Amino acid sequence: MKKIAVLGAGSWGTALSMVLADNGHQVALWSHRKMQADEISEKHTNEKYLPGVTLSEHIVGTDNLQAALDRAAAVVLVVPAKAMRDVLKQINHCLKQPLLFIHGVKGIEPGSFKRMSEVIEEEIPEELRTAVVVLSGPSHAEEVSLCHPTTVAVASTDLVAAKKAQDLFFNHYFRVYTNEDIVGVEIGGALKNIIALGAGMLDGLGFGDNAKAALITRGLAEISRLGTKMGAHPLTFIGLTGMGDLIVTCTSVHSRNWRAGNMLGKGEKLDAVLNQMGMVVEGVRTAEAAYALAKKLNVEMPITSEIYQVLFDGKHPKEAVEELMCRDKKDEIAPLTHSLEEKIVREHEA
Ligand SMILES: NC(=O)C1=CN([C@@H]2O[C@H](COP(=O)(O)OP(=O)(O)OC[C@H]3O[C@@H](n4cnc5c(N)ncnc54)[C@H](OP(=O)(O)O)[C@@H]3O)[C@@H](O)[C@H]2O)C=CC1
Ligand SMILES: O=C(CO)COP(=O)(O)O
């Protein structure tokens, strides 16, 4: 049995704590709100984020970061992407020995457009971390909390660390694969949320399954193009953290991104939608990041670009669909082959 600090007591932090507790670990689940930490410790519930679920007595809520981290064998970060750097700055002072850093965040930092592992490496000095691992894949918290069969990947450039994370989380309902492509796993996990917003919009507009299948497939093509340019392995995008997570997020009513997109498709305004959600909708800020990265790296991302315009320029979702459908005639595979060739040349020159 190990003590694990889980920082962030939303839906996903709580569900991951349940997996760890089921595996015999002692979990300190940190919330920045005392009332919520007390609810977790005393009532063994987290009604706002996982209603109707009873938490294990091996999960102790705390609003004290030092107490959460003392004697922990690993730290699991599960706060929204925009809060990651701030939380890391706070925990920096609490660390007494190097820890394994695992994060389950599917977003890009607003403003810097950095991946979460890059933010962790910037904020936590090398001597205070053994390695950085990302946990990602098709995994709605609501289903994990019911022990429904779920598969994810843990990725790190340090395979030994990825295996340690695999050992912590793996059980009969939570199957964990290792992956050495942290760039691909982080990019796939973050960018699928943009496409899920689009899937919700299509449903809100009343379009059918043909449109959604097209969006998922062409969405994956552009995520792969950007990810490959950023150094990811192209095959990662057809795995759990690419295609797998796209499928679940674009088709599940559990998805906050799908739900937000659905309301936008029905004509609601972004601010009103976000106010109603009460939970993080990572795809909104990630659309801004992906739009900027695509421009900077000269990668064609027409779907992301249209969704960005719906979110931030007041474009009507129906007009965005019309523009996507009427783009120049293209070959389906050639642009992907081209980005693969570019990657091979870059690697050859390096
Ligand atoms: N939900 C899911 O099924 C899955 C989510 N993820 C990812 O996990 C990450 C977290 O999502 P999720 O748990 O669902 O989000 P939720 O919206 O359910 O919860 C977010 C939690 O983070 C807290 N928080 C917000 N800002 C801060 C801050 N500055 N400092 C400390 N805590 C803060 C919130 O507190 P407060 O109540 O005060 O707002 C809340 O407890 C996201 O990147 C998401 O994409 C990944 C896989 C599955
Ligand atoms: O990442 C998720 C499932 O894998 C959760 O997606 P949402 O944030 O859209 O709910």
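Along the sequence shown, residues carry numbers from 1. One-based numbering, in listed order, for ligands and for the atoms of each. In this text the structure is predicted, and so the values were computed from the model without any measurement.
In Asn275, the CG atom is crowded: over 12 heavy atoms of neighbouring residues, nucleotides or ligands sit closer than 6.0 Å. Atom NZ of Lys3 sits in a crowded spot, with more than 12 heavy atoms from other residues, nucleotides or ligands closer than 6.0 Å. With a 6.0 Å radius and a threshold of 12 heavy atoms from other residues, nucleotides or ligands, Lys330 has its NZ atom above the threshold.
Thr228 has its side chain within reach of Phe237: a pair of non-hydrogen atoms, C-beta onward, lies under 4.5 Å apart. No side-chain heavy atom of Thr249 sits less than 4.5 Å from a side-chain heavy atom of Ile195. Arg218 has its side chain within reach of Glu332: a pair of non-hydrogen atoms, C-beta onward, lies under 4.5 Å apart. Between Leu168 and Asn23, the closest side-chain pair of non-hydrogen atoms is not below 4.5 Å. You'll find the side chain of Arg285 stays beyond 4.5 Å of the side chain of Lys82, heavy atoms only. Using a 4.5 Å cut-off on side-chain heavy atoms (C-beta onward), Trp30 and Val87 make contact. Put simply, the side chain of Leu88 reaches to within 4.5 Å of the side chain of Phe101, judged on heavy atoms. Within the 4.5 Å cutoff, no side-chain heavy atoms of Val79 are placed close to those of Asp86.
Counting atoms of ligand 1 from 1 in the listed order, those under 4.0 Å from a heavy atom of Ala9 are 41 (O). Listed by number with element, the atoms of ligand 1 under 4.0 Å from a non-hydrogen atom of Val105 are 43 (O). For ligand 2, the atoms lying closer than 4.0 Å to a non-hydrogen atom of Asn257 are 7 (P), 8 (O), 9 (O). Close contacts of ligand 2 with Ser139, meaning ligand atoms under 4.0 Å from a residue heavy atom, involve 3 (C), 4 (O). Atoms of ligand 1 found under 4.0 Å from any heavy atom of Ser139 (numbered from 1 in listed order, with element): 3 (O), 47 (C), 48 (C). Annotation for ligand 2: atoms under 4.0 Å from non-hydrogen atoms of Pro138 are 4 (O). Less than 4.0 angstrom separates some heavy atom of Trp30 from each of these atoms of ligand 1: 31 (C). Each of the following atoms of ligand 2 lies closer than 4.0 Å to a heavy atom of Lys106: 1 (O), 2 (C), 3 (C), 4 (O). Near Val78, the atoms of ligand 1 lying under 4.0 angstrom from a non-hydrogen atom of the residue are 8 (O), 10 (C). Residue-ligand proximity, Lys192 to ligand 2, at heavy-atom distances under 4.0 Å covers atoms 1 (O), 2 (C), 5 (C), 6 (O). Close approach of ligand 2 to Thr249 (heavy-atom distance below 4.0 Å) involves ligand atoms 6 (O), 9 (O). Distances below 4.0 Å separate heavy atoms of Gly104 from the following atoms of ligand 1: 6 (N), 7 (C), 8 (O), 46 (C). Shown in contact with Val87 at under 4.0 Å from a heavy atom are these atoms of ligand 1, numbered in order with element: 30 (N), 31 (C). Applying the 4.0 Å criterion to heavy atoms of His140 picks out, from ligand 1, the atoms 3 (O). Residue His254 has at least one heavy-atom neighbour below 4.0 Å for each of these atoms of ligand 2: 10 (O).
Note: an N/O pair closer than 3.5 Å links Val280 and ligand 1 by distance alone. The distance criterion of under 3.5 Å between nitrogen or oxygen atoms is met by Gly137 with respect to ligand 2. At least one N/O-N/O distance between Lys106 and ligand 1 falls below 3.5 Å. Ligand 2 has no nitrogen or oxygen under 3.5 angstrom from a nitrogen or oxygen of Trp258. Geometrically, ligand 1 and Ala141 share a nitrogen or oxygen pair separated by less than 3.5 Å. Taking only nitrogen or oxygen atoms, main chain and side chain alike, Gly107 does not reach within less than 3.5 Å of ligand 1.
The closest side-chain donor-acceptor pair between Glu323 and Gln309, if any, does not fall under 3.5 angstrom. Of the N and O atoms on the side chains of Ser117 and Glu121, not one donor lies less than 3.5 Å from an acceptor on the other residue. Judged purely by distance below 3.5 Å, without hydrogens or angles, the side chains of Glu39 and Thr45 pair a donor atom with an acceptor atom. Between the side chains of Asn46 and Thr14, a donor-acceptor pair is found at a separation under 3.5 Å.
A salt bridge links Glu306 with Lys315: at least one charged nitrogen is closer than 4.0 Å to a carboxylate oxygen. Using a 4.0 Å cut-off between charged nitrogen and carboxylate oxygen, Lys96 and Asp70 count as a salt-bridge pair.
Within the 4.0 Å heavy-atom criterion, both parts of Trp12, backbone and side chain, lie near ligand 1. Contact annotation: for Glu282 versus ligand 1, heavy atoms closer than 4.0 Å belong to the side chain alone. Residue contacts with ligand 1 for Met279 involve both N, CA, C or O and side-chain atoms from C-beta outward (heavy atoms, distance under 4.0 Å). Looking at Thr14 against ligand 1, nothing comes within 4.0 Å, counting heavy atoms. Here Arg33 has side-chain heavy atoms under 4.0 Å from ligand 1, and that is the only part of it that gets that close.
At the top of the distance list for atom 4 (O) of ligand 2, counting protein heavy atoms only, stands Asp245 OD1, 2.6 Å. Of all protein heavy atoms, the one closest to atom 10 (O) of ligand 2 is Arg256 NE, 2.5 Å. Looking at atom 37 (O) of ligand 1, its nearest protein heavy atom turns out to be Tyr49 OH, 2.6 Å. At the shortest separation from atom 35 (O) of ligand 1 among protein heavy atoms lies His32 NE2, 3.0 Å. Of the protein's non-hydrogen atoms, the one nearest atom 41 (O) of ligand 1 is Gly10 N, 3.3 Å.
Closest heavy-atom approach to atom 26 (N) of ligand 1 among the candidates Ala15, Ala83, Ser31: Ala83.
Distances from ligand 1 to the non-hydrogen atoms of Gly8 include no value under 4.0 Å. Ligand 1 is approached by Pro80 to a heavy-atom distance shorter than 4.0 Å. Heavy-atom distances between Ala81 and ligand 1 stay at or above 4.0 Å for every pair. Ligand 1 has Arg256 within reach: a non-hydrogen atom of the residue lies less than 4.0 Å from it.
Between Tyr291 and Tyr308, the ring-plane angle classifies as parallel under the 30° and 60° cut-offs.
Residues passing the salt bridge (Lys or Arg N to Asp or Glu O under 4.0 Å) test with Arg115 are Glu118, Glu186, sequence neighbours excluded.
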Check against side-chain contact (heavy atoms from CB on, under 4.5 Å), Arg71 and Gln26: CA-CA 11 Å; Arg71 295 182 307 283; Gln26 186 64 42; over 6 Å; no
